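First comes the structure, then the notes that go with it.
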Amino acid sequence: MTLDDIRKLLGDDLPAVDTEIETQLASDVVLINQLGHYIINAGGKRLRPILVLLAARACGYQGDIHVRLAATVEFIHTATLLHDDVVDDSNMRRGRESANAVWGNEASVLVGDFLYSRAFQMMVTADNMAIQGVFAEATNRIAEGEVLQLLNIHDADTDEKRYFDVIERKTAKLFEAACEIGGLLGERPEAELAALREYGMSLGIAFQLIDDVLDYSADADELGKNVGDDLAEGKPTLPLIHVLATGSEAQQQLVTAAIENGGIDTLEQVLEAIEASGALDYTRQRAEDYAARARKALSQLPANDFTKAMEAVIDLAIHRRN
C-alpha cells in the first residue's frame, strides 16, 4: 500500500485536515499568515495527522472531530520544526530555505509560539479531558526532549541510552499521542489504547533512526536538507555513537573531535569511519527492530483496512528516502 493508496482510503478526511489547517492559520497579523503558510505548505508528508485519522477510523470512530485533532497534531509538529531550526541555526527545510533564514529567528520563534497556542485552542473544542491530557503530556515531553538534545550537543560521551531518551521524547512522543487520540475517539478499551501507544512510540523511534541514516547517506536534494547537518551541529546521533562504541582508536578520535567541534570540515573522513564500522547498517537494524515492535502492537487491534494502512505506514517510514 502506497501513501497515495492511504490517502484514497481516508477519502475526504485528509483534504478536510488541509482545509482546517488553512482556517486555523488565519490571523489579522500578516506575518503570522505569511510565515505560517510558508512552513505548513512546505511539502510535508502529513504523517502525524494521517496517523490520527487512521487510528480513529481503525477504532470505529464515525464523527468528524478527528479532523480538527489531526490538524492540531500538525500544528504542534510545525511549531517544533520552527523552534528546531532556530536552535540548530538551520538554513534549509524540506528542500528550500527555512523560515528563520527568510524571516529571522525572532519571527520564527514567535510564530512557533502562535502555532502552539492555537493548537491548544483547537484541542479544547473536542471537549474531552482524556484527549487534552494526552496533548498536554506530549507537548511537555517534547519540550523536555528538546532540552535534553541541547545538553547532548557537542558531548561525545552521549551513549545510546541518553540518545534514545531524547528521540523517545522529542520525536516519538507525538507519534504515540496521534495514535492514542484516535483510540480515545473510538472509545476503545485500555488494552487497545496501550497497543496504539506502543505502535506510535515504536514507529516514531524507527522513523527517527531512519532520519539518522539518511543524514549520512541520502542525496541533499532528496533529503530536503544538507547532508551532514547533524554533524555540523555537533549532534551525536546513533551512527556516530556506534562508531564511538565499536570503531578503531583513530576513528573514535576523529568522531569525538567532529562532535566536540561541530562543522563539516572532516565530513568525508567521518563518512568513511561510519561506513567502515557498519554504523548505518546497525542503525537500520535498530529501526527494523522497532518496526517489528510496532507491527506486534498493531496485531492487538481489530483487523480492518485502516489497520492494514497503519501497517503500511511502518514500511513507508522504514524504506523512505527523505
Side-chain angles (χ1 to χ4, degrees), residues 39 80-109 112 142-171 207-280 282-283 286 322:
I39 184 69
T80 67
L81 297 184
L82 285 168
H83 290 168
D84 274 356
D85 285 344
V86 171
V87 172
D88 298 339
D89 196 24
S90 298
N91 59 18
M92 190 175 180
R93 167 71 66 181
R94 293 171 176 167
R96 62 178 180 171
E97 283 188 294
S98 59
N100 56 303
V102 177
W103 283 280
N105 288 340
E106 295 89 345
S108 289
V109 169
I142 291 166
E144 288 178 338
E146 293 282 5
V147 175
L148 286 174
Q149 178 174 265
L150 186 64
L151 293 174
N152 288 348
I153 288 177
H154 299 302
D155 186 355
D157 290 329
T158 301
D159 58 14
E160 285 197 18
K161 183 179 183 302
R162 284 171 58 187
Y163 182 64
F164 275 95
D165 194 16
V166 168
I167 65 174
E168 285 172 11
R169 301 180 196 222
K170 182 176 178 292
T171 301
F207 185 91
Q208 182 59 55
L209 291 174
I210 295 300
D211 260 9
D212 290 357
V213 170
L214 292 174
D215 193 64
Y216 291 105
S217 62
D219 177 84
D221 291 335
E222 286 185 315
L223 187 58
K225 64 176 186 176
N226 299 314
V227 174
D229 266 359
D230 287 343
L231 182 67
E233 295 156 11
K235 289 182 181 177
T237 58
L238 192 58
L240 299 184
I241 292 169
H242 186 69
V243 175
L244 290 171
T246 67
S248 67
E249 184 176 350
Q251 290 169 341
Q252 292 175 7
Q253 290 174 349
L254 170 71
V255 170
T256 295
I259 291 171
E260 291 178 348
N261 299 324
I264 56 172
D265 293 343
T266 60
L267 177 60
E268 289 303 317
Q269 297 97 305
V270 170
L271 289 174
E272 290 173 5
I274 287 172
E275 179 67 25
S277 69
L280 295 186
Y282 174 76
T283 305
R286 294 301 303 271
N322 57 41

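Note that these values count all heavy atoms, side chains included, but never hydrogens, waters or copies made by symmetry. From a predicted model like this one, the values you see are computed outputs, not experimental measurements.
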Looking at [X] and [Y], what are the two nearest heavy atoms and their distance?
{"X": "A258", "Y": "V270", "value": "CB-CG2, 4.0 Å"}
{"X": "L280", "Y": "S217", "value": "CD1-CB, 3.9 Å"}
{"X": "A273", "Y": "V243", "value": "O-CG2, 4.0 Å"}
{"X": "P239", "Y": "A279", "value": "O-CB, 3.3 Å"}
{"X": "I259", "Y": "A156", "value": "CG2-N, 3.9 Å"}

Are the side chains of [Y] and [X] in contact, using a 4.5 Å heavy-atom criterion?
{"X": "D215", "Y": "D211", "value": "no"}
{"X": "H242", "Y": "T283", "value": "no"}
{"X": "V213", "Y": "Y282", "value": "no"}
{"X": "R286", "Y": "L238", "value": "yes"}
{"X": "I167", "Y": "D212", "value": "no"}
{"X": "I153", "Y": "E233", "value": "no"}
{"X": "D155", "Y": "R162", "value": "yes"}

R169 vs D165, test: salt bridge (charged side-chain N to carboxylate O under 4.0 Å, His left out). Steps then yes/no. CA-CA 6 Å; R169 301 180 196 222; D165 194 16; 2.9 Å; yes
Check whether S248 reaches the backbone of Q251 with its side chain - one donor and one acceptor, N or O, closer than 3.5 Å. yes
Between [atom1] on residue [X] and [atom2] on residue [Y], distance to nearest 0.5 Å:
{"X": "N261", "Y": "L231", "atom1": "CG", "atom2": "CG", "result": "10.0 Å"}
{"X": "L254", "Y": "E249", "atom1": "CG", "atom2": "CD", "result": "12.5 Å"}
{"X": "E146", "Y": "H83", "atom1": "CD", "atom2": "NE2", "result": "9.0 Å"}
{"X": "T237", "Y": "Y216", "atom1": "OG1", "atom2": "OH", "result": "4.5 Å"}
{"X": "I142", "Y": "E168", "atom1": "CD1", "atom2": "CD", "result": "13.5 Å"}
{"X": "E268", "Y": "E272", "atom1": "CD", "atom2": "CD", "result": "7.0 Å"}

Side chain to side chain contact (heavy atoms under 4.5 Å, CB included) for F164 and L209? Distances and angles first, verdict last. CA-CA 10 Å; F164 275 95; L209 291 174; 4.2 Å; yes
Please determine whether side chain to side chain contact (heavy atoms under 4.5 Å, CB included) holds for the pair L82 and V86, giving the CA-CA distance in whole Å, both sets of side-chain angles, and the decisive distance to 0.1 Å. CA-CA 7 Å; L82 285 168; V86 171; over 6 Å; no
Please determine whether the number of non-hydrogen atoms from other residues, nucleotides or ligands lying under 6.0 Å from atom CD of E275 exceeds 12. no
Can you list everything that forms a side-chain hydrogen bond (donor to acceptor under 3.5 Å, both in side chains) with E106? Sequence neighbours excluded, please. none
Counterpart residues, side-chain hydrogen bond (donor to acceptor under 3.5 Å, both in side chains), relative to T171 (two or more places apart): Q208
For Q149, the option from V87, V166, T158 that meets side-chain contact (heavy atoms from CB on, under 4.5 Å): V166
Check against salt bridge (charged side-chain N to carboxylate O under 4.0 Å, His left out), K170 and D84: CA-CA 10 Å; K170 182 176 178 292; D84 274 356; 3.1 Å; yes
